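Bear in mind the structure is a predicted one, so any value in this text is a computation, not a measurement.
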Amino acid sequence: MRRSVLCLLTTLSLAGCTAGGGAIADRPAPGPAPLLRLVSYDTCDDLLESVREAAKRVVTPWGLPGGDWGFRMPAAQSATADAARAGGDGAAKSYSGTNTHEAGVDEPDIVKTDGRRIVTVLGDTLRVIDATSRRATGSLHLGNGLHQLFLQGDRALVLTSVQGMAYGGIADARMPGRGGPSSTRLRLVDLVGEPRFTGQYEIGAELTDARLAGGTARVVVTSHPMIDFTWLEKGTDAERVAANRKVIDSTPLERWLPAYTAEGTGGRLDCGQVSRPAEFSGTSLVTVLSFDLNRAVLGDGLPAAVLADARTVYGTGGNLYLAHDEGWKGEQAKDRTELYQFDVSGPRPVFAASGSVPGWLLNQYSLSEHDGVLRVATTTGQQWQRPREQSSESAVYTLRRDGGQLQPLGRLGGLGKGERIHAVRFLGPTGYVVTFRQTDPLYTIDLRDPARPVLAGELKIPGYSSYLHPVADGRLIGVGQDATGQGRVTGLQVSLFDVGGADPKRLDQEKIPHGWSEAEYDPHAFLYWPATGLLVVPYAAYDQRERTGALLFRVGPGSLEKAGEVNPGGYPRRSLVIDDTLWVVSDAVAVATTLSGTAELARVAL
């Protein structure tokens with residue numbers, strides 16, 4: 001099928017295309033950025049020839065690199081300040097939403113509230129709790145998989161990762177949900193009365209991440225070609241590679257394009273919905289799906305696909321960034337992160353620009369957009385070498401869109417030599433970076449002139465923070481691990497920092513020996529309620545016995561005061577506030593208490 005339109009990168013609508021030492025601040029000179037401009041294909045034959053040639057260049061004696069066919073947890077989400085919202089139609093006057101990176105951009109999670117109801121997707125069941133009566137009012141069986149959800153009005157979108165298993169990358173992915181590799185199932189649920197499904201979409205690709213803004217959910221999935229490589233029991237590596245290249249030459253195009261079902265109707269990604277950068281491996285395809293949650297059905301998702309990969313997703317109200325830092329071209333590519341920016345202000349994603357920076361990301365908090373400038377924090381090199389051979393260090397880069405390119409603007413390097421990044425937070429024109437190997441340098445970075453980032457302050461203390469959360473009056477809360485002077489971690493610590501002056505200062509610290517918290521790696525588990533200064537951190541500690549609970553603190557001007565503890569039974573997964581009630585949710589029960597945690601008000605079995 002002929003497609004004669006060649007989409008230029010500045011106007012490309014993908015789905016609509018018819019075809020520890022001193023820091024150094026300077027203008028970046030990381031070498032020329034790779035040509036990441038996206039173009040579409042003239043024909044399906046061109047697409048097939050292109051992906052075959054790319055795959056043959058990187059195939060190994062054991063198949064294609066980078067295939068992820070086994071069990072994989074969904075990408076961990078990360079977060080920013082909870083917001084108090086004005087209620088209506090019987091909703092609470094105020095409530096805490098999911099702790100998200102950017103205000104107004106929601107992220108999928110296992111527990112959600114809109115002030116009227118609490119919805120959970122723990123285990124294999126969706127459950128609804130009425131916030132006023134504090135009773136369960138409905139449930140819906142979801143089946144196997146790892147579930148997350150969004151709330152939009154009286155509807156929920158349930159995102160399910162259906163895990164598949166395969167040996168050696170060999171699996172049948174002609175149709176989603178029939179064995180083989182991971183697939184993603186999306187179901188729209190009407191929450192009025194007894195919950196019921198009203199729409200369903202499934203695609204033969206693994207769920208990477210998703211964002212919700214303005215009622216539209218952007219769901220990012222990644223797929224890999226399903227190629228039945230023949231294993232040669234005898235022969236050299238070169239002979240095995242030659243055999244695998246022959247297999248690639250005989251593999252049809254549909255093995256590169258994931259199949260999907262939309263509202264019961266089967267389909268497959270179309271050639272005109274696929275674009276490519278100038279360099280790619282042919283081993284992965286990332287697809288952005290868009291769903292208007294104000295509609296009663298899901299539709300076909302308006303797919304937009306790129307022959308690339310994406311392990312990190314960061315969204316603002318108008319832009320969606322996809323980042324990938326696991327290269328396919330050997331050691332050099334593994335130390336570079338490729339970036340793709342999409343304009344998501346309309347119904348269909350529109351490719352806007354692309355670029356790259358040296359190093360690899362920690363998570364989505366390594367990315368931040370402010371006043372049209374993208375800030376990126378990365379680590380390069382290896383930190384687990386002998387002391388005299390350690391080559392790792394971290395840097396902050398700034399980039400600005402120029403046409404279809406994210407052009408380098410500024411750079412601050414030399415952060416944490418011999419260490420790696422453990423936490424990043426960008427707040428307005430300031431950045432905070434934590435690196436760690438033996439001690440925890442907390443760096444403050446002045447980004448008011450994005451072309452010339454400046455190291456403004458530094459604090460070195462034992463241990464590290466892995467999540468940083470802003471508090472009023474120039475303070476930060478840090479959740480992470482305490483450590484000895486030699487870098488051996490000793491347990492959970494919660495710190496309060498003053499970052500308003502030239503150098504950061506730690507104002508107070510609480511320790512839980514032998515403890516850890518889910519909030520260290522998933523900030524959705526973190527709750528800070530500014531109205532009362534309430535901080536809730538789930539924890540588990542293992543010494544002579546196992547202890548679990550949700551720790552309650554009062555955050556004062558210069559102190560952390562332990563205010564109590566809620567023990568719901570089992571490990572607490574999430575905490576939320578609705579008016580004057582604190583809810584702590586474990587896998588088995590949701591417990592309602594007073595905000596002080598001293599009096600239990602209700603207990604709802606899940």
Side-chain angles (χ1 to χ4, degrees), residues 20 76-82 99 101 361-368 375 377-379 383 392 394 396 415-416 418-427 430-445 455-485 487-501 503-528 535-541 551 553 555 558-560 562:
Q77 320 298 326
S78 303
T80 213
D82 300 292
N99 189 27
H101 191 170
L361 307 177
L362 174 67
N363 52 32
Q364 66 152 313
Y365 282 87
S366 298
L367 302 168
S368 171
R375 294 87 63 87
T378 67
T379 298
Q383 78 275 16
S392 67
S394 298
V396 172
L415 303 175
E419 303 173 341
R420 69 175 178 89
I421 290 176
H422 275 257
V424 183
R425 198 63 191 250
F426 293 99
L427 300 170
T430 306
Y432 303 95
V433 175
V434 172
T435 63
F436 175 75
R437 190 169 189 270
Q438 289 184 318
T439 58
D440 167 9
L442 169 60
Y443 297 103
T444 302
I445 301 165
L455 180 62
E458 178 180 349
L459 171 66
K460 286 191 175 183
I461 52 176
Y464 62 87
S465 297
S466 50
Y467 174 62
L468 298 172
H469 193 92
V471 187
D473 301 323
R475 293 169 297 156
L476 285 177
I477 297 170
V479 179
Q481 288 285 309
D482 193 16
T484 65
R488 182 177 65 84
V489 296
T490 60
L492 176 66
Q493 70 172 354
V494 182
S495 302
L496 179 65
F497 298 102
D498 179 357
V499 293
D503 285 308
K505 298 179 178 63
R506 182 156 66 185
L507 302 173
D508 204 355
Q509 176 190 31
E510 291 284 344
K511 300 181 182 180
I512 299 88
H514 310 289
W516 65 275
S517 174
E518 187 175 354
E520 294 180 58
Y521 60 88
D522 186 352
H524 292 162
F526 178 99
L527 171 65
Y528 175 65
L535 169 63
V536 184
V537 179
Y539 82 98
L551 293 170
F553 300 95
V555 181
S559 65
L560 287 171
K562 188 173 179 179

Q: Kindly determine whether L535 and V494 satisfy side chain to side chain contact (heavy atoms under 4.5 Å, CB included), including the steps that lead there.
A: CA-CA 10 Å; L535 169 63; V494 182; 3.9 Å; yes
Q. If you look at every heavy atom in S392 and T379, which pair is closest and at what distance?
A. CB-CG2, 4.4 Å
Q.
Treating Q481 as the side-chain partner and G515 as the backbone partner, does any N or O pair qualify as donor plus acceptor under 3.5 Å?
A. yes
Q. What is the minimum heavy-atom distance between S465 and G478, and which atoms define it?
A. OG-CA, 3.7 Å
(Q) Which residues pass the salt bridge (Lys or Arg N to Asp or Glu O under 4.0 Å) test with E520, not counting sequence neighbours? (A) none
(Q) Testing the basics here: between I421 and L362, what is the closest heavy-atom pair and its distance to 0.1 Å? (A) O-CD1, 3.8 Å
**Q.** Least distance between heavy atoms, Y467 atom then A519 atom
**A.** CB-O, 3.8 Å
Q. Roughly how far, to the nearest 0.5 Å, is CG of D508 from CG of L496?
A. 7.0 Å
(Q) Just to verify, which of Y432, F526, F497 counts as forming a ring-ring contact (aromatic ring centres under 6.0 Å, His included) with H469? (A) F526
Q) Could you go step by step and tell me if D482 and Q509 meet the side chain to side chain contact (heavy atoms under 4.5 Å, CB included) rule? A) CA-CA 10 Å; D482 193 16; Q509 176 190 31; 4.1 Å; yes
Q. How would you list, by chain and number, every residue that makes a side chain to side chain donor-acceptor pair (under 3.5 Å) with T378, sequence neighbours excluded?
A. none
Q: Kindly give the heavy-atom pair with the smallest separation between P513 and A541, and that separation in Å.
A: O-CB, 3.9 Å
**Q.** Rounded distance (nearest 0.5 Å) linking atom CD1 of I445 with atom CG of L455
**A.** 7.0 Å
Q.
Looking at Y539, is its backbone amide N or carbonyl O close enough to the side chain of S517 to form a donor-acceptor pair, meaning the two atoms are under 3.5 Å apart?
A. no
Q.
Using every non-hydrogen atom in the two residues, find where S495 and R506 come nearest and quote the distance to one decimal.
A. OG-NH1, 3.3 Å
Q. Which word best sums up how the rings of F436 and H422 line up, parallel for under 30°, tilted for 30 to 60°, or perpendicular for over 60°?
A. perpendicular
Q: Go through L476 and L427 one step at a time and tell me if the side chain to side chain contact (heavy atoms under 4.5 Å, CB included) criterion holds.
A: CA-CA 11 Å; L476 285 177; L427 300 170; 3.9 Å; yes
Q: Ignoring hydrogens and angles, tell me if any N or O in the side chain of Y443 forms a donor-acceptor pair with the backbone of G416 under 3.5 Å.
A: yes
**Q.** Interatomic spacing from CD1 in I477 to CG in L468 - rounded to 0.5 Å
**A.** 10.0 Å
Q | Working for side chain to side chain contact (heavy atoms under 4.5 Å, CB included), residues L492 and V479 | A | CA-CA 8 Å; L492 176 66; V479 179; 4.0 Å; yes
Q | Rounded distance [0.5 Å steps], CG in L367 versus CZ in F426 | A | 8.0 Å
Q. If you measure from CD on E510 to OG on S559, what distance do you get to the nearest 0.5 Å?
A. 9.5 Å
Q: Without swapping roles, check the side chain of D503 against the backbone of E458 for a donor-acceptor pair under 3.5 Å.
A: yes
